[in-house]
A.B. asks: 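One structure follows; several queries about it will come next.
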Amino acid sequence: MHKLLMIPGPIEFTPEVLSSMSEPTLSHVSGDFIKIFGDSLDMMKKVWMCPDGQAFIMAGTGTLAMDMAGANLVEKDDKVLVVSTGYFGERYAELLNRYGADYRILRAEPGKSVDPAEIEDELRTGKYKMLTFTHVDTSTAVRVDPVPIGELGRKYDVLTVLDGVCSVAGEEIRQQEWGIDIVLTASQKAVGVPPGLALLVASPKAMEKFHNRKSPVQNYYADWSNWLPIMKAYEEGRPAYFGTPAVNLVSALNISLSQILDEGMEVRFLRHKKTAGAFRTALKAMGINQIPDDSVAANTLSAPYYPGDIKGPDFIKEVNRAGVVIAGGLHPELKNRYFRVGHMGKITKEDTLATIEAIETSLSVLNHKFDRGAAQRVIEDELG
Ligand SMILES: *Cc1c(COP(=O)(O)O)cnc(C)c1O
């Protein structure tokens with residue numbers, strides 16, 4: 001029996017997305033596929049809300065999308081400020097180090113976001129070329145507000161890179177209006193396509209900085225010099241080749257982006273927000289607290305502490321037995337004290353309820369005392 005996949009990616013995918021994956025593979029230079037690819041690039045700019053941006057679709061994971069921003073925009077000794085709210089902020093610093101960036105990490109305590117005033121204190125020194133931040137860090141479920149960061153980027157002429165692997169198409173993002181230079185993600189999270197695609201939209205300013213580089217890009221596969229002509233060709237309906245695209249995944253992406261735009265971005269943002277709010281309140285009704293402060297809690301996933309003396313591995317196994325797959329902790333300092341539940345993409349009230357029920361059943365099996373049924377009532381009230 002299929003178990004409900006409630007981890008922070010991969011997630012549950014729509015039947016239409018899944019069945020498109022099993023269509024016979026098209027030639028990557030056929031007219032049919034050129035249209036599918038070109039339309040997908042176009043739809044990405046709508047989902048990202050960046051009409052003047054340059055979209056990239058590559059075979060790879062979210063880490064490749066992070067790598068593409070690093071490889072193409074950073075030259076040796078460039079100063080980069082890494083705003084870290086957890087595991088993926090640390091990964092960005094490690095990645096930038098490979099390209100010789102002179103980086104500094106601004107760290108938030110687990111569960112907290114970074115104060116924009118602190119970011120401004122750094123940027124005011126005038127030495128930074130770029131800033132990276134994680135919109136939703138999947139290790140802490142902390143959501144960073146991109147609006148003040150976009151404003152600071154413009155004020156101090158610093159490129160802003162938003163790691164949106166756990167946020168794009170779930171959390172509100174208005175790339176162009178907010179002045180964010182790079183918004184990147186992967187297919188398997190809120191975008192709703194099986195793993196295997198790295199997705200990125202770059203602002204005109206980011207492309208200009210790329211074109212004005214003095215040194216060659218130190219990564220052959222990620223180099224936009226190789227990929228930009230390919231994206232341009234697909235946009236213009238011409239065949240082109242650098243590396244064979246992941247044809248079936250791109251077809252699935254086309255379907256998913258159409259479904260996302262059919263739902264409407266505002267409706268989708270609100271649905272994620274309501275689901276997350278209900279889930280948080282339901283957990284509280286069971287006496288379960290979360291890592292992030294409520295004011296910065298993500299809408300795409302939750303990071304609840306294990307209640308009482310519940311042991312992580314036993315609990316996750318019981319939830320699995322009850323038909324729902326959830327994830328363990330990821331933040332190195334807190335790893336064994338919390339679990340993670342993804343609630344993004346096509347998630348319905350029924351999925352949320354099934355997850356709450358599985359958590360309740362597991363806590364009962366493990367002899368934890370709590371008000372059974374209270375959480376389910378919250379879901380019924382808030383999502384009913
Ligand atoms: C999942 C994730 C990544 C890494 O994506 P992969 O596809 O696993 O390489 C990076 N950043 C964030 C915020 C993520 O949630």
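Both ligands and their constituent atoms are indexed starting at 1 by order of listing. As a basis for the values below, the full set of heavy atoms in this structure was taken, side chains included, without hydrogen atoms, waters or symmetry mates.
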A.B. asks: So which residues, sorted by chain and number, lie with a heavy atom under 4.0 Å of ligand 1?
C.D. replies: T61, G62, T63, M66, F88, T134, V136, T138, D163, V165, C166, A186, Q188, K189

A.B. asks: Would you confirm whether the ring centroid of F242 sits within less than 6.0 angstrom of the ring centroid of W227?
C.D. replies: yes

A.B. asks: Considering all heavy atoms of both residues, which atom of N254 and which atom of S258 are nearest to each other, and what is their separation?
C.D. replies: O-OG, 2.8 Å

A.B. asks: Name the orientation class of the two ring planes belonging to H368 and F370 (parallel below 30°, tilted from 30 to 60°, perpendicular beyond 60°).
C.D. replies: parallel

A.B. asks: Going by the ring pair (Phe, Tyr, Trp, His ring centres under 6.0 Å) test, which pairs reach into residues 293-321, not counting sequence neighbours?
C.D. replies: Y306-F315, Y306-F339, F315-F339

A.B. asks: Are any of the side-chain nitrogens in E266 or R174 under 4.0 Å away from the carboxylate oxygens of its partner?
C.D. replies: yes

A.B. asks: Whether K284 and D294 form a salt bridge (side-chain N of Lys/Arg under 4.0 Å from carboxylate O of Asp/Glu) is what I want to check.
C.D. replies: yes

